Amino acid sequence: MTIKEYEDFEEKQNGKTQKVILAMIALLAACHKDIEKELSDFYRKYGSDGVVTYQEARKWASGYDHRRRMMVIFMAISMLLGDCFAELYSAMDTHLRRLIRDEFKLHGLKLSDELLEKILKTKWANEYGESNWLPRLNAYEGRWRLVLWRDLKTALHTLNDVDDVIDDYNIRFRSMENLIKTLVITESTAVGTIARREIFKEMGVKKYKFYAREDERTCETCNALHGKIFPISAYEVGVTASPIHFRCRCIEVPIT
């Protein structure tokens with residue numbers, strides 16, 4: 001295969017990734033809307049004119065009924081967030097499996113169920129440390145669960161009104177969207193690269209070449225790796241194979 005054919009294939013894969021991102025953003029938007037409703041209902045029930053009064057707020061730390069109210073709203077938010085992330089996981093899992101199958105189909109090779117699962121579970125090094133996409137997604141869920149809970153507690157103790165709370169949540173969800181986008185793009189590249197390593201080994205490839213997209217968006221690290229030839233034994237995602245960084249656009253091609 002030529003470099004152009006590999007680049008064209010990558011563009012098609014990126015198109016599929018973008019569609020998945022849009023679907024995931026829609027899931028986050030639906031979750032965000034449901035949480036806003038829970039917050040609005042909570043304030044309407046226990047507040048006045050969109051504010052939980054100072055007298056009410058003072059009771060949160062000591063009164064059983066108030067702690068129970070807080071726990072109920074927290075559980076509602078947690079459940080909505082948990083359902084959302086479960087759907088994100090399912091969408092991501094389906095997408096990555098499709099990308100792996102596409103890689104093998106491109107090279108005319110059969111893919112066993114065992115190898116598919118091995119590729120999905122392969123860890124690779126990056127800023128998170130050696131891990132793969134599932135624990136990162138789980139970590140995001142736990143982190144956001146705590147952040148949203150902390151925001152609500154702070155809002156009640158500082159007498160923020162419901163509009164301010166919802167505005168804060170808007171900011172949080174926009175940040176979450178950006179994290180999800182970065183995760184999906186980077187992990188899609190990584191899984192495709194890991195699949196390619198297995199393909200190269202099966203094809204008996206001894207060496208491969210690293211190709212960077214040479215334009216104004218290409219970073220210094222990828223530019224320095226561009227055109228370098230490595231033995232297949234040195235093939236390491238995040239070091240000598242893409243993604244070198246978040247949203248990396250580089251590719252590897254076999255030397256035959």
Side-chain angles (χ1 to χ4, degrees), residues 1 5-21 23-24 27 82-83 85-142 180 182-211 229-256:
M1 288 179 61
E5 288 173 322
Y6 271 107
E7 288 182 339
D8 289 344
F9 173 74
E10 286 297 314
E11 287 300 319
K12 290 180 181 178
Q13 298 294 76
N14 291 340
K16 294 175 183 178
T17 297
Q18 290 302 320
K19 289 181 180 179
V20 170
I21 288 173
M24 288 185 164
L27 289 172
D83 289 345
F85 270 81
E87 291 186 78
L88 291 176
Y89 169 81
S90 178
M92 185 79 161
D93 186 71
T94 300
H95 174 58
L96 294 182
R97 289 173 185 274
R98 182 171 55 208
L99 293 183
I100 295 169
R101 293 189 181 99
D102 287 347
E103 287 280 351
F104 276 77
K105 185 177 180 180
L106 175 70
H107 294 86
L109 298 175
K110 291 184 178 180
L111 174 64
S112 67
D113 292 338
E114 292 76 15
L115 184 53
L116 174 60
E117 295 302 324
K118 175 187 173 183
I119 293 170
L120 281 171
K121 294 175 182 176
T122 298
K123 297 179 179 181
W124 60 280
N126 74 344
E127 287 87 342
Y128 288 91
E130 194 171 326
S131 184
N132 60 15
W133 71 275
L134 177 56
R136 289 176 197 156
L137 194 62
N138 288 339
Y140 283 153
E141 179 185 352
I180 292 296
T182 297
L183 176 71
V184 174
I185 291 171
T186 307
E187 296 294 333
S188 295
T189 301
V191 165
T193 302
I194 293 167
R196 200 168 301 144
R197 177 176 60 193
E198 297 297 327
I199 289 167
F200 287 176
K201 288 179 180 179
E202 191 167 332
M203 292 170 59
V205 172
K206 303 298 182 183
K207 297 179 181 180
Y208 69 96
K209 184 178 287 189
F210 186 97
Y211 274 91
I229 296 175
F230 297 96
I232 198 69
S233 58
Y235 198 120
E236 185 177 352
V237 177
V239 181
T240 59
S242 59
I244 301 300
H245 52 77
F246 289 140
R247 299 176 181 248
C248 186
R249 300 173 297 138
C250 302
I251 58 175
E252 300 74 34
V253 296
I255 302 296
T256 55

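If you're wondering where the values come from, they're calculated on a predicted model, not measured in any experiment. Index from 1, following the sequence.
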Between the side chains of Arg97 and Glu117, is the shortest nitrogen-to-carboxylate-oxygen separation below 4.0 Å, so that they form an ion pair? yes

Describe, in one word, how the ring planes of Phe200 and Tyr208 are oriented to each other, choosing from parallel (under 30°), tilted (30 to 60°) and perpendicular (over 60°). tilted

Criterion side chain to side chain contact (heavy atoms under 4.5 Å, CB included) on Phe104 and Ile199, from CA distance to verdict: CA-CA 7 Å; Phe104 276 77; Ile199 289 167; 3.8 Å; yes

Step by step, work out the side chain to side chain contact (heavy atoms under 4.5 Å, CB included) result for Glu103 and Leu111. CA-CA 10 Å; Glu103 287 280 351; Leu111 174 64; over 6 Å; no

Donor-acceptor pair, distance only, cut-off 3.5 Å: does the side chain of Tyr235 make one with the backbone of Glu198? no

Hey, could you give me the CE/CZ distance between Met24 and Phe85, rounded to the nearest 0.5 Å? 10.0 Å

Carboxylate-amine/guanidinium proximity below 4.0 Å for Asp8 and Lys12: no

Distance in Å, Lys206 NZ paired with Ile232 CD1, rounded so as to fall on 0.5 Å steps: 9.5 Å

Assess whether side chain to side chain contact (heavy atoms under 4.5 Å, CB included) is satisfied between Ile244 and Phe210, documenting all intermediate values. CA-CA 11 Å; Ile244 301 300; Phe210 186 97; 3.9 Å; yes

Test item: side-chain donor near acceptor, Ser242 and Thr189, under 3.5 Å: no

Does Met203 reach the side chain of Leu109, with side-chain heavy atoms less than 4.5 Å apart? yes

The test is salt bridge (charged side-chain N to carboxylate O under 4.0 Å, His left out); show your working for Glu11 and Arg249 and say whether it passes. CA-CA 10 Å; Glu11 287 300 319; Arg249 300 173 297 138; over 6 Å; no

Would you call the rings of Tyr6 and His107 parallel, tilted or perpendicular if under 30° counts as parallel and over 60° as perpendicular? tilted

Going from CG on Leu120 to CG on Leu96, what distance comes out if it is rounded to the nearest 0.5 angstrom? 6.5 Å

Working to the nearest 0.5 angstrom, can you tell me the gap between Asn14 CG and Lys19 NZ? 12.5 Å

Rounded at 0.5 Å granularity, tell me how far CD in Glu5 sits from CG in Leu106. 8.5 Å

Calculate, to the nearest 0.5 Å, the distance between atoms CG and NE2 belonging to Asp93 and His95 respectively. 11.0 Å

Taking only residues two or more places apart in sequence or in another chain, which ones pass salt bridge (Lys or Arg N to Asp or Glu O under 4.0 Å) with Lys16? Asp102

May I ask you to test the Ile21-Ile180 pair for a side-chain heavy-atom distance under 4.5 Å? no

